[in-house]
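The block underneath contains the structure these notes are about, expressed in structure tokens.
Everything quoted here is computed from the prediction, not taken from an experiment.
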Amino acid sequence: MRIENGLVFREDGQFMERTVRIRGGRFSAFCEDTDLYDARNCYVIPGLVDLHLHGALNADCSDASVDSLSTVAQYEAYHGITSFVPTTMTLPADQLRNIARSIKQYCAEDHNGASVLGYRLEGPFLSKEKCGSQETSALIPPDIDLLRELDELSGNQLRICDLAPELPGSLPFIDAVPDRIRVSIAHTACTYDTARAAMDHGAHHLTHMYNAMAPFQHREPGPIGAASDDPDCTVELIADGIHNHPSMVRNAFRIFGAKRICLISDSMEATGMPDGKYSLGGHDVFVKGKLAQLASGAIAASVTNLYDCMVTAVREMGIPLEDVVLASTLTPARYLGVQHEVGSISLGKQADVLIVDRDTLELRAVICRGRMIRN
């Protein structure tokens, strides 16, 4: 396949008109000339990479179900998210074990839809004070034996573990986590000093920055201030128009830049579904439009996919398209250590491509692993 006449997003964060060639499911210097896609008046960008999502289409990644994972993967791919990390909620250990087993089974089989890049534990090692939608009864201190067991049960597919670093034993826990598993500071009431200590031990990431953490204040800068002082630290950001004010999103891009921001969706099972009552981590969630709330009125997870978050960041928050694309593709791929495989339109990488209307930012076509799945 050849894609011609489009403005192609490059690894340096700029657009340039050039031809993209796909052969055998990968970007190539050569290809057969029989299949041509004319991308005139369109952007050609890499498939999006979502590090943090819980579900879609009434399916939850915590269902411990291969069918649910397949439903989510197909929804995500159709909407331009061609790689993702299924994310758990805080649940009892036996449920987490079942989820790990389902991940192993799913990854051992061939499936259509977005690529699963391993999975993520967003609990149970979190702060009760900042638990948000997480189930407080299942919160436990950091437990390296449990983490190792869950990793083994998943076929070593565990990629990210969230942690509130003020919990007792956090620093030895971070030291003991295998290097291929990222530790992210999350759901935390920690101080600046505690966050910096965790970063010094290797936790160079913030989960959904601003949300479920101590605020960024002039005398108490907390984990956000610590992250800004750590050049190796990346941060996640939800740009659905609900979780963060546009000014805070713009400020995050000014402080961290697109090379240190990973846009995420944090989407739940209600994503792609009508308004109504849904579930997240054992809690009832009430959805109206883009707002998902617990019975208490607290904002729950998102009901917006990453592509729509990306468009919202550009159209409603004034973030340059180049920055938003980078923060939705190569930056999260680099954080996860899979930039050799996904995240940019480069020779040899997996051929995940989105064709986007230059005027409206409407998603025109999706190519996932070299196969046209939306046109």
Side-chain angles (χ1 to χ4, degrees), residues 1-33 35-37 39 42-53 73-74 76-86 107 110-120 157 159-160 180 182 234 258-265 306-307 310 321-356 363-375:
M1 174 186 290
R2 285 183 297 135
I3 303 171
E4 293 190 343
N5 302 317
L7 286 180
V8 179
F9 190 75
R10 308 186 311 186
E11 282 200 0
D12 64 1
Q14 301 299 316
F15 285 99
M16 174 182 176
E17 184 172 331
R18 66 181 179 90
T19 298
V20 175
R21 295 177 174 86
I22 298 171
R23 184 179 185 181
R26 296 193 172 267
F27 296 116
S28 174
F30 306 98
C31 68
E32 295 76 12
D33 293 332
D35 194 1
L36 171 65
Y37 189 100
C42 290
Y43 295 114
V44 180
I45 70 174
L48 308 191
V49 179
D50 196 344
L51 297 177
H52 188 152
L53 67 88
Q74 291 183 58
E76 296 299 327
Y78 185 80
H79 292 276
I81 302 93
T82 54
S83 302
F84 74 107
V85 180
C107 292
D110 291 329
H111 292 275
N112 296 324
S115 300
V116 169
L117 302 175
Y119 84 113
R120 174 177 189 156
Q157 293 293 334
R159 294 291 177 265
I160 304 173
R180 60 181 172 76
R182 301 335 190 212
T234 49
K259 292 182 179 180
R260 294 177 61 195
I261 291 177
C262 302
L263 283 190
I264 61 165
S265 67
L306 182 57
Y307 187 86
M310 189 181 78
L321 177 63
E322 293 85 350
D323 287 349
V324 172
V325 173
L326 191 63
S328 303
T329 57
L330 190 56
T331 301
R334 281 176 172 157
Y335 168 69
L336 206 61
V338 295
Q339 70 275 12
H340 60 285
E341 186 70 10
V342 298
S344 65
I345 300 172
S346 303
L347 292 180
K349 288 191 181 183
Q350 186 168 290
D352 298 331
V353 187
L354 312 185
I355 310 298
V356 178
L363 186 56
R364 295 292 189 190
V366 177
I367 299 168
C368 185
R369 298 192 294 278
R371 186 171 65 89
M372 183 76 72
I373 63 170
R374 175 173 177 166
N375 188 9

Check your understanding: Given the rule in the side-chain contact (heavy atoms from CB on, under 4.5 Å) test, do Arg2 and Val20 qualify, once you have shown the distances and angles that lead to the verdict?
Key -> CA-CA 6 Å; Arg2 285 183 297 135; Val20 175; over 6 Å; no
Study note, to complete from the structure: Here the gap from Arg159 atom CZ to Leu336 atom CG, rounded to the nearest 0.5 Å, amounts to 7.0 Å
Review point. Can you tell me if Thr331 uses its side chain to pair, donor with acceptor, with the backbone of Ala258 under 3.5 Å?
Key: yes
Exercise for review: Could you tell me whether the side chain of Ile160 reaches within less than 4.5 Å of the side chain of Tyr335, counting heavy atoms only?
Suggested key: yes
Practice item. Might you point out which heavy atoms bring Pro332 and Cys262 nearest each other, and give the distance in Å? Key: CA-SG, 3.7 Å
Point to revise | Contact summary for Val366 and Ala77, nearest pair of heavy atoms | key: CG1-O, 3.3 Å
**Study point:** Non-hydrogen side-chain atoms of Arg334 and Thr234 separated by less than 4.5 Å
**Key:** no
Point to revise | Salt-bridge contact Glu341-Arg26 (side-chain N to carboxylate O under 4.0 Å) | key: yes
Review point. Within a strict 4.5 Å, meaning less than it, do heavy atoms of the Phe9 and Pro46 side chains meet?
Key: yes
Exercise for review: Identify the two heavy atoms, one from Ala29 and one from Arg21, that lie closest to each other, and give their separation to 0.1 Å.
Suggested key: O-CD, 3.3 Å
Exercise for review: Using a 4.5 Å cut-off on heavy atoms from C-beta on, say whether the side chain of Leu117 contacts that of Val49.
Suggested key: yes
Exercise for review: May I ask you to decide if Leu326's main-chain N or O and Lys259's side chain share a donor-acceptor pair within less than 3.5 Å?
Suggested key: no
Review point. Under the side-chain contact (heavy atoms from CB on, under 4.5 Å) criterion, do Cys31 and Ile22 qualify, and how do the steps go?
Key: CA-CA 6 Å; Cys31 68; Ile22 298 171; 6.0 Å; no
Check your understanding: What closest approach, in Å, do Arg369 and Asp352 show between heavy atoms, and which atom pair accounts for it?
Key -> N-OD1, 2.7 Å
Practice item. To the nearest 0.5 Å, tell me how far Ile264 CD1 sits from Arg120 CZ. Key: 6.5 Å
Practice item. Please assess Glu4 against Thr19 for the test side-chain contact (heavy atoms from CB on, under 4.5 Å), listing each intermediate value before the final yes or no. Key: CA-CA 5 Å; Glu4 293 190 343; Thr19 298; 3.7 Å; yes
Review point. With no hydrogens and no angle check, do the side chains of Gln14 and Asp12 hold a donor and an acceptor under 3.5 Å apart?
Key: no
Point to revise | Interatomic distance, Ile45 atom CD1 to Glu322 atom CD [nearest 0.5 angstrom] | key: 11.0 Å
Practice item. First locate atom CD1 of Ile345, then atom CD1 of Ile3, and finally report the distance between them rounded to the nearest 0.5 Å. Key: 7.0 Å
Practice item. Please assess Arg374 against His79 for the test side-chain contact (heavy atoms from CB on, under 4.5 Å), listing each intermediate value before the final yes or no. Key: CA-CA 9 Å; Arg374 175 173 177 166; His79 292 276; 4.0 Å; yes
Exercise for review: Search all heavy atoms of Lys349 against all heavy atoms of Val342 and return the closest pair with its distance.
Suggested key: NZ-O, 3.8 Å
Exercise for review: Taking ring pair (Phe, Tyr, Trp, His ring centres under 6.0 Å) as the test, write out the residues that go with His340, two or more places apart.
Suggested key: none
Practice item. Please identify each residue that fulfils ring pair (Phe, Tyr, Trp, His ring centres under 6.0 Å) with Tyr43, with sequence neighbours left out. Key: Phe15
Check your understanding: If you measure from OG on Ser328 to OH on Tyr307, what distance do you get to the nearest 0.5 Å?
Key -> 10.0 Å
**Study point:** Within-4.5 Å side-chain heavy-atom neighbours: Asn5 and Glu17
**Key:** yes
Review point. Knowing that exactly one of Val44, Leu48, Val325 qualifies, which makes a side chain to side chain contact (heavy atoms under 4.5 Å, CB included) with Leu354?
Key: Leu48
Exercise for review: Enter the distance from Leu53:CG to Leu306:CG here, rounded to the nearest 0.5 Å.
Suggested key: 8.5 Å
Check your understanding: Nearest heavy-atom pair of Ser83 and Ala114: which atoms, and what distance?
Key -> N-CB, 4.0 Å
Check your understanding: Side chains of Pro86 and Val116: closer than 4.5 Å at any heavy-atom pair?
Key -> yes
